[in-house]
Amino acid sequence: MQTGVPTEMVNSSSGARSQTAQRIGVPREIFPGEKRVATVPEVVEKLIKLGFAVSVESGAGELANFSDDTYRAAGADVVESAAQLWATADIVFKVRGPSADEVGLMRQGGALISFIWPAQNPELMQLLAAKQATVLAIDALPRMLSRAQKMDALTSMAGVTGYRAVIEAANAFGRFFNGQITAAGKVPPAKVFIAGAGVAGLAAIGTAAGLGAIVRANDTRAEVADQVTSLGGEFVKVEYEEEGGGGGGYAKVMSEGFQKAQREMYAKQAKEVDIIITTALIPGKPAPKLITAEMVRSMKPGSVIVDMAAEQGGNCELTEPGQAVVKHGVTIVGYTDLASRLSKQSSTLYATNLFRLAEELCKAKDGVANVNMEDDAIRGLTVVKDGSITWPAPAPKLPAAPPAAKPTAAPVAKKAHGHGAPSEPMAGNKLAIMFGVSAALFWFVGANAPAAFLAHFTVFVLACFVGYMVVWNVKPALHTPLMSVTNAISSIIAIGALVQIAPPFAEVVNRPEGWIRGLAAAGIVLTAINMFGGFAVTQRMLAMFRK
C-alpha cells in the first residue's frame, strides 16, 4: 500500500503533473442507516485500469453485500481504520457528505467526491475550504448537459427510490395492487396517485402500473404528460395555466393561484385513491407541503402515503422523517433511506456514475486526476478548488443554436416539348381535349372491335392504370417487404397466360394459335421471374432486421 506523501490533483491552469498514480480511498459510511458504499468490486477493476490505486476501509461494503475479500480479489487494498484510509487517500469517494470528524481526518489538500448539497451545508463547505481541499459535489452536476448524463447520480438514485417507494406502499397496504376475480369474491385494483413526475415519480408510475394498479400522476411541468401516459398512468391536469419548468430538469416554485388550484385537485384525489406517493423537491428549498392534515383525514381507512421528500421536511404535514406512522387511519411512510433499502443496486449504480466521472478526470488513463475548470461539467461539479469556494458555478455554455437553414432555390423547371417555357400543370382546355380524344379512341375501338377483344382490352387498360399507380409510381425508398410480397402475389396473372396457351381456348375464340401461345409463354416466363424474385427480395429485406 502507498504510504508516502500523497500526490496532488493536477491543476489544469499550471499543467503540472505528478508521475505517481493517485490513490482513491473508499471509507465506510457512518451516517445512521446508510448501507450504500461509494464503489463496488467490479468498478474497482475499472478504476485500476485507469491507473489509480484503490483502498477500501474494512467493512465498507458489508451492508451492501460486498465482502472485503471481493474487494481484494478485484485488486483493492483493504485498510483497517478510517484514519489510515483518510490520511493516505489522494481522492476520497463517498456517498454521504463527510462529518466534521471525517473532515478532521482528511489530509491537507486532499480531494473529495461525494454528495455535498452546498446550499444546505455552508458549515461543511467552510470546513472543507479550511483543509485546502478540492471538492466535487456529485449533486451539483449540470444535468442539462447531455454528456453529463452518464455521471448523473441524482437520476440513478431517484430511479431506485421511486421503485422502492412503491414496494414500501405495497408492504403497508392491506390489499393487492392488481384487481382479481376469485371464487371468494372480486378484489378491485388499488388506485395510486403520484405527486411529481420527475425521475423518481416516473419510476414509481412504471412500478405501480406493472403491479396492476390504476395509476394517476400530476406534475407542474406539462411536458411530462406524455411520459406518464407511456408508462401506463393517467396525467391529472391542474385547471390553471402556468408552466412549471425551472430549468435543469427541476420544477420551479409556482404562483399562489396555481398552488390553490393544485391543492383543490390533491384534495379530490385524496378522497378517491388508496395510495399517495409524493416526490416534490426544489433544490435548496424545504419540501413544499402538498398534502394537508385535512386531506389525510379525508382518505379512506387503510390508505397509505409514502413521502419521498421526508428528508427535506416532507410533502405531507403529518410526515415524521425516518418513521412510518399511522394517523387518522392512514399509514404515512417517511423513510429517508429508500435508496439504502436497495443498497446493492444503488451502490452499483452510484459507483458507475463515479467511475464515469473518473474517466473524465483522467482521460490520459495515467492514474492522475485533472480538474479542468474549463470543462463545463467539471466546473459545475467543483464546489471547492484548492481551498477556494467556487460554488455556485456560472451557467454552462450550452451549444450554439444551429444557423438557420438557407432557403433552398426553387427547382429548375423542366422544359416542355423542347421549348424554353417551363412545364406547368396542364391547363383546363388541354385536359378536356386529351379526355375527348381518349374517349373518341375508346368509342372507335368499342364500335369496331369484337366483343371478346373489348373485354380483354378493358382489363388491360385497367391493369396498366392500377399497376402504374401501385407499383411504378411508388418511390424506391418506400418499398417494403410487404410490397415485394404483394408484387409476387400479383403474378397470379400467370394463370391467365396458362389459359391462353390451352388449345381448346384458342379454338373457341378462333384466333391464330401460334402467336397467342408465344405471347402467353413469354408472359409466363416474365411472371415467374416476378414471382420468385418478389419472394427472394422479401427474404433479403427481412434478413436485414434479424440479429
Side-chain angles (χ1 to χ4, degrees), residues 33-36 38 64 95-97 114-117 119-120 137-146 148-169 192-210 215 217-221 223-224 227-228 230-231 233 244-252 276-288 290 306-315 319 321 333-354 356-357 380-381:
E34 183 57 70
K35 299 177 182 178
R36 291 172 291 177
V95 180
R96 298 273 185 170
S114 175
F115 281 104
I116 298 295
W117 303 106
Q120 289 95 323
I138 200 69
D139 49 271
L141 180 75
R143 302 172 77 186
M144 71 286 296
L145 298 177
S146 58
Q149 293 176 1
K150 61 185 178 181
M151 302 178 278
D152 190 359
L154 283 174
T155 295
S156 299
M157 296 303 100
V160 174
T161 56
Y163 172 88
R164 185 67 192 196
V166 176
I167 302 303
E168 295 294 341
V192 180
F193 178 73
I194 297 171
V199 176
L202 291 173
I205 292 168
T207 306
V215 184
N218 168 261
D219 197 280
T220 58
R221 297 159 292 187
E223 66 268 18
V224 305
Q227 299 177 46
V228 171
S230 68
L231 289 170
Y250 296 102
K252 70 176 183 180
I276 295 177
I277 298 175
T278 65
T279 70
L281 277 176
I282 298 174
K285 298 181 181 295
L290 305 178
V306 179
D307 194 340
M308 294 176 61
E311 194 166 1
Q312 300 299 325
N315 296 136
T319 296
V333 179
Y335 297 147
T336 58
D337 61 345
L338 290 173
S340 282
R341 289 170 180 255
L342 287 171
S343 56
K344 187 167 188 176
Q345 180 69 77
S346 54
S347 295
T348 302
L349 293 174
Y350 183 67
T352 302
N353 293 137
L354 294 194
R356 296 303 180 190
L357 173 56
L381 285 167

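Count residues from 1 along the sequence.
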Do any N or O atoms from the side chain of D139 and from the backbone of I116 form a donor-acceptor pair under 3.5 angstrom?
yes
Closest non-hydrogen atoms of V224 and A197, given as atom of the first, atom of the second and distance, are CG2-CB, 3.9 Å
query: Does S340 reach the main-chain N or O of K35 with its side chain, forming a donor-acceptor pair under 3.5 Å?
result: yes
Value for CG (L357) from CG (N353), rounded to nearest 0.5 Å, stands at 9.0 Å
Side chain to side chain contact (heavy atoms under 4.5 Å, CB included) filter on A209, not counting sequence neighbours, yields V215
Separation between CG (L202) and OG1 (T207), nearest 0.5 Å, reads 10.5 Å
Of all heavy-atom pairs linking L290 and A280, the shortest is CD1-CB, 3.6 Å
Between V160 and the options V199, L342, L338, the side chain to side chain contact (heavy atoms under 4.5 Å, CB included) test singles out L342
For M157 and A339 the tightest heavy-atom approach is SD-CB, 4.4 Å
Residues passing the salt bridge (charged side-chain N to carboxylate O under 4.0 Å, His left out) test with R341, sequence neighbours excluded, are E168, D337
request  = Mind running side chain to side chain contact (heavy atoms under 4.5 Å, CB included) on Q345 and Y163 for me, showing each step along the way?
outcome  = CA-CA 11 Å; Q345 180 69 77; Y163 172 88; over 6 Å; no
**Asked** Is a donor on one side and an acceptor on the other found under 3.5 Å between the side chain of S114 and the backbone of V95?
**Response** yes
Checking the side chain of T279 only, and the main-chain atoms of A195 only, is there a donor and an acceptor separated by less than 3.5 Å? yes
T155 meets the side-chain hydrogen bond (donor to acceptor under 3.5 Å, both in side chains) criterion, sequence neighbours left out, with R143, D152
For E311, the side chain to side chain contact (heavy atoms under 4.5 Å, CB included) test, sequence neighbours excluded, returns R96, T336
Practice task
Determine, stepwise, if the pair F115 / L154 fulfils side chain to side chain contact (heavy atoms under 4.5 Å, CB included).
Solution key: CA-CA 9 Å; F115 281 104; L154 283 174; 3.7 Å; yes
**Asked** Got a donor-acceptor contact below 3.5 angstrom from the S347 side chain to the K344 backbone?
**Response** no
Residue set satisfying salt bridge (charged side-chain N to carboxylate O under 4.0 Å, His left out) with K150, at least two apart, ordered chain then number -> E360
When every non-hydrogen atom of A287 is compared with those of L281, the smallest separation belongs to CB-CD2, 3.8 Å
Test item: N315 side-chain N/O and P288 main-chain N/O as donor-acceptor pair under 3.5 Å:
yes
Nearest heavy-atom approach of A169 to V306 is CB-CG2, 3.7 Å
Sequence neighbours excluded, the answer for side chain to side chain contact (heavy atoms under 4.5 Å, CB included) partners of A217 is I194, I205, V228
d(Q149 CD, M144 CE) to nearest 0.5 Å is 11.5 Å
Heavy-atom nearest pair, G334 first then A310, reads O-CB, 3.2 Å
